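All residue numbers in this chain count up from 1 along the given sequence. The model shown is predicted, which means the values in this text are computed figures rather than measured ones.
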Amino acid sequence: MNSRRKFLQGGLLSSVAALSPLASSEAKETKKYSTPAKPSSGQITILQTTDVHCQLHAHDELFWEKDELVFRKAGGYAHMATALDRMKQVNPENTITLDTGDMFQGSMLSVKTTGQAFVPLLNAMNYDLYLPGNWEVVYYKKNMQKLLGGLLAPKICANMYHDLGNGKKGELIFQPYQIMHRLGVKIGFLGYTDPLVPLRQSPMYSKGILYTKPEENLQEYVTLLREQEQCDFVIILSHLGLSQQIALGNNPHCVGVDYIFGADTHERVRKPIQAEYTKIVEPGAFGSFIGKLDIQVKDGKVTGSTYELVEVDPNKYPAKKEIVNLVKELESPFKSEIDKVLGYSTLPLYRNFVVENTIDTLIVDALKWKVNADVVLSNGFRFCPPRVPGKDGKVAITEGYLYDMLPVDSTIRTAKATGQQIMNWLEKELQNVFAQDASLRFGGWFIRFKGMQVEFKAFERVGHRVQKVNIGGAPLELEKSYVLCACERDGDPEDMLCRMKGVKEAKNTAYTLHSMMKEYLAKFSPVTPTLRHDAKILDGPQSLLSQVTGVDYTFR
């Protein structure tokens with residue numbers, strides 16, 4: 001409360017000084033970002049990237065057009081840099097560029113350098129502001145602070161606190177907001193990241209951090225920005241996921257917020273979603289898209305805004321030479337290892353669908369072959385761009401692409417659970433994905449599995465979604481014990497497997513995900529991970545590409 005009282009009394013810089021030494025020194029270094037300008041007329045442009053997940057190069061990208069899968073090249077830091085530069089050149093003095101998280105997880109280069117390779121790269125992109133994402137903690141708290149501390153632009157987040165132990169909150173780790181001035185307009189940026197990080201990821205990643213829900217201080221900060229700081233335009237930078245962001249936009253605490261710039265769920269919002277109190281956007285993932293908001297200004301007054309989702313087409317935006325050279329330098333010590341081919345797939349590999357995809361089909365095929373278990377599981381991750389066959393009709397699965405699919409080389413773990421536990425767990429996992437109350441949805445897709453067939457109704461009421469379960473070709477028996485296999489999560493209790501509590505006889509195997517995948521590919525390449533519809537949705541399309549419903553939005 002003392003920090004909060006100082007915050008309300010002192011304005012931006014004094015409040016930052018009250019929050020932490022790190023935030024205080026950062027504020028001194030970033031005064032150039034808050035230089036007032038005389039009231040004028042023109043346009044303020046705000047550019048957003050997010051969830052790039054360390055994807056250095058132009059890659060295959062999946063689109064859903066005319067009810068069919070379409071693949072074309074997109075993204076790559078050097079191409080993204082050219083796109084950003086061109087848009088800045090149109091409005092050089094009044095363009096603000098920001099990234100809203102998941103900057104340090106998702107590739108072999110990131111793992112090999114504990115994220116450090118991406119600090120000079122991000123600095124070379126000349127961002128003006130950052131928000132930490134849910135995966136920024138993948139190398140644990142201290143490394144997260146070091147990585148983000150190495151970035152030249154300010155970092156904001158109003159719901160990540162130092163954990164003092166016994167549930168006590170310390171100071172905020174980052175300053176909560178940043179104010180910028182353009183054309184006489186005062187713009188307030190307020191940051192929130194996913195408070196469910198300790199549940200969604202291995203608990204040890206975020207040890208030492210306490211997260212709070214945005215609702216705990218959102219109204220206070222919006223009031224401060226609007227009334228005390230007298231901001232003309234307020235934007236929330238949010239790494240919560242589109243469902244959660246829509247729920248937030250319908251919360252009265254959001255009164256006074258003009259836009260939520262969203263992230264986390266890799267959704268491609270091409271037209272702003274109008275919630276009750278604000279508008280929400282989210283610009284895809286992997287550097288394939290840039291969100292572009294143009295704010296119209298007349299005599300220092302905001303008169304309107306327009307939004308566009310810009311596709312980073314490598315043909316339209318040639319690679320920026322300086323970034324190409326920097327990427328080559330950063331990648332060179334590991335290049336031969338990254339490019340080493342482990343095997344091939346005869347089918348495109350992708351991870352975009354809510355219910356089923358070829359990447360996780362490949363993973364569970366390999367797990368079921370390697371481990372003697374009734375059911376094997378793969379988490380409903382979203383990261384990893386697609387990869388399609390080349391001229392030879394095969395997808396090359398390289399060491400680098402294995403890290404794209406599975407950046408964390410977890411130990412494979414087995415345990416026993418009853419049919420009743422499995423049934424309860426399936427209902428919980430379906431609730432995480434399809435909860436009618438958008439604020440209750442997790443940020444991942446439905447769990448993937450082999451050895452089990454599940455039929456479900458996504459839009460049935462909670463606890464009544466699962467319609468049928470077979471294991472080993474026979475109906476699930478509630479009293480029977482089954483052997484399950486998944487990956488170990490660092491920091492989970494002994495009786496938990498893949499977020500299932502109360503499992504028995506849990507034990508680690510001698511294999512990791514990477515060793516298992518390499519062995520499987522060496523033996524069976526080329527593989528054909530055909531979709532089996534082991535998870536079958538009864539009240540929606542099997543090709544469901546988003547968990548978001550009830551608003552004017554379609555993933556494409």
Side-chain angles (χ1 to χ4, degrees), residues 53-64 68-76 106-112 285-288 314 327 331 334-353 355-371 376-410 412 445 448-451 485 487 511-534 543:
H53 285 287
C54 305
Q55 294 306 309
L56 293 169
H57 305 286
H59 52 262
D60 298 319
E61 188 56 271
L62 180 149
F63 298 83
W64 189 252
E68 290 184 346
L69 283 180
V70 175
F71 296 94
R72 54 179 176 264
K73 295 290 184 182
S107 79
M108 186 175 181
L109 179 63
S110 180
V111 172
K112 292 294 185 181
F286 311 129
S288 299
V327 167
E331 207 175 27
F334 314 99
K335 185 64 173 167
S336 60
E337 193 176 357
I338 290 170
D339 292 341
K340 181 183 178 182
V341 176
L342 303 175
Y344 297 90
S345 170
T346 62
L347 294 177
L349 296 175
Y350 51 83
R351 211 178 222 162
N352 300 72
F353 291 97
V355 179
E356 190 178 30
N357 63 63
T358 55
I359 285 178
D360 288 297
T361 297
L362 169 60
I363 292 169
V364 296
D365 283 352
L367 274 171
K368 195 74 169 71
W369 164 77
K370 186 63 181 176
V371 180
V376 298
L377 308 167
S378 180
N379 204 352
F381 293 125
R382 298 176 192 264
F383 49 74
C384 187
R387 186 165 285 197
V388 302
K391 293 180 180 179
D392 61 356
K394 296 185 293 186
V395 177
I397 303 172
T398 62
E399 185 102 17
Y401 196 63
L402 176 60
Y403 275 87
D404 290 351
M405 292 189 284
L406 296 164
V408 180
D409 186 18
S410 301
I412 296 170
W445 297 142
R448 324 295 185 174
F449 41 81
K450 187 173 185 179
C485 171
C487 64
Y511 324 119
T512 69
L513 291 174
H514 283 201
S515 68
M516 174 270 299
M517 288 292 292
K518 289 177 182 179
E519 192 175 344
Y520 179 77
L521 289 169
K523 186 174 180 65
F524 295 105
S525 178
V527 296
T528 303
T530 305
L531 301 183
R532 293 180 292 268
H533 295 184
D534 283 342
S543 58

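Contact detail for Thr358 and Pro348: the closest heavy-atom pair is OG1-O, 2.9 Å. Between Gly343 and Leu521, the shortest heavy-atom contact is CA-CB, 4.4 Å. When all heavy atoms of Cys485 and Leu367 are compared, the closest pair comes out as SG-CD2, 3.9 Å. Heavy-atom minimum distance, Glu61 versus Pro386: OE1-CD, 3.8 Å.
A donor-acceptor pair under 3.5 Å is formed between the side chain of His514 and the backbone N or O of Leu406. Judged by distance alone, with hydrogens and angles left aside, the side-chain atoms of Ser345 form a donor-acceptor pair with the main-chain N or O of Leu347 at under 3.5 Å. Remark: side-chain polar atoms of Gln55 are paired, donor with acceptor, to backbone N or O of Gly106 under 3.5 angstrom. With Thr361 contributing its side chain and Asn357 its backbone, the two residues share a donor-acceptor pair below 3.5 Å. Within the 3.5 Å criterion, the main-chain N or O of Val364 finds no donor-acceptor partner in the side chain of Ser378. Proximity of a side-chain donor or acceptor of Arg448 to a complementary backbone N or O of Ile359 within less than 3.5 Å is not detected. Judged by distance alone, with hydrogens and angles left aside, the side-chain atoms of Ser525 form no donor-acceptor pair with the main-chain N or O of Ala522 at under 3.5 Å.
Applying the salt bridge (charged side-chain N to carboxylate O under 4.0 Å, His left out) test to residues at least two apart or on different chains, the pairs with a partner in residues 396-408 are Glu399-Lys518. A salt bridge (charged side-chain N to carboxylate O under 4.0 Å, His left out) check over residues 379-391, counting only residues at least two apart or in different chains, returns nothing.
Applying the salt bridge (Lys or Arg N to Asp or Glu O under 4.0 Å) criterion to Arg351, with sequence neighbours excluded, gives Asp360. By the salt bridge (Lys or Arg N to Asp or Glu O under 4.0 Å) test, Glu331 is found to be paired with Lys335, residues two or more places apart in sequence or in another chain being considered. Residues satisfying the salt bridge (Lys or Arg N to Asp or Glu O under 4.0 Å) test with Asp365, not counting sequence neighbours, are Lys450, Arg532. Annotation: salt bridge (Lys or Arg N to Asp or Glu O under 4.0 Å) contacts of Asp409 (sequence neighbours excluded): none.
The aromatic rings of Phe286 and His53 are tilted relative to each other, their planes meeting at an angle between 30° and 60°. Classified by interplanar angle (parallel below 30°, tilted 30° to 60°, perpendicular above 60°), the ring pair Trp64/Phe353 is perpendicular.
Between atom CG of residue Leu377 and atom CZ of residue Phe449 there is a gap of 8.5 Å, rounded to the nearest 0.5 Å. Tyr511 contributes atom OH, which lies 8.5 Å from atom CD1 of Ile412 (distance to the nearest 0.5 angstrom). In this structure, the separation between CZ on Phe383 and SG on Cys54 is 11.0 Å, given to the nearest 0.5 Å.
A salt bridge links Glu519 to Lys370: at least one charged side-chain nitrogen sits closer than 4.0 Å to a carboxylate oxygen.
Ser288 and His59 form a side-chain donor-acceptor contact under 3.5 Å, judged by distance and modelled atom types alone.
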Checklist entry - Can Tyr520 and Val527 be said to form a side-chain contact (heavy atoms from CB on, under 4.5 Å), step by step? => result CA-CA 9 Å; Tyr520 179 77; Val527 296; 3.7 Å; yes
Item to check | Steps toward side-chain contact (heavy atoms from CB on, under 4.5 Å) verdict (Tyr403, Leu109) | outcome: CA-CA 9 Å; Tyr403 275 87; Leu109 179 63; over 6 Å; no
Next on the checklist: Applying side-chain contact (heavy atoms from CB on, under 4.5 Å) to Cys384 and Tyr401, what does each step give before you reach the verdict?
Outcome noted: CA-CA 8 Å; Cys384 187; Tyr401 196 63; 3.6 Å; yes
Checklist entry - Going through the checks in order, is the side-chain contact (heavy atoms from CB on, under 4.5 Å) test met by Ser107 and Leu56? => result CA-CA 9 Å; Ser107 79; Leu56 293 169; 5.7 Å; no
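The aromatic ring centres of Trp369 and Phe524 sit less than 6.0 Å apart.
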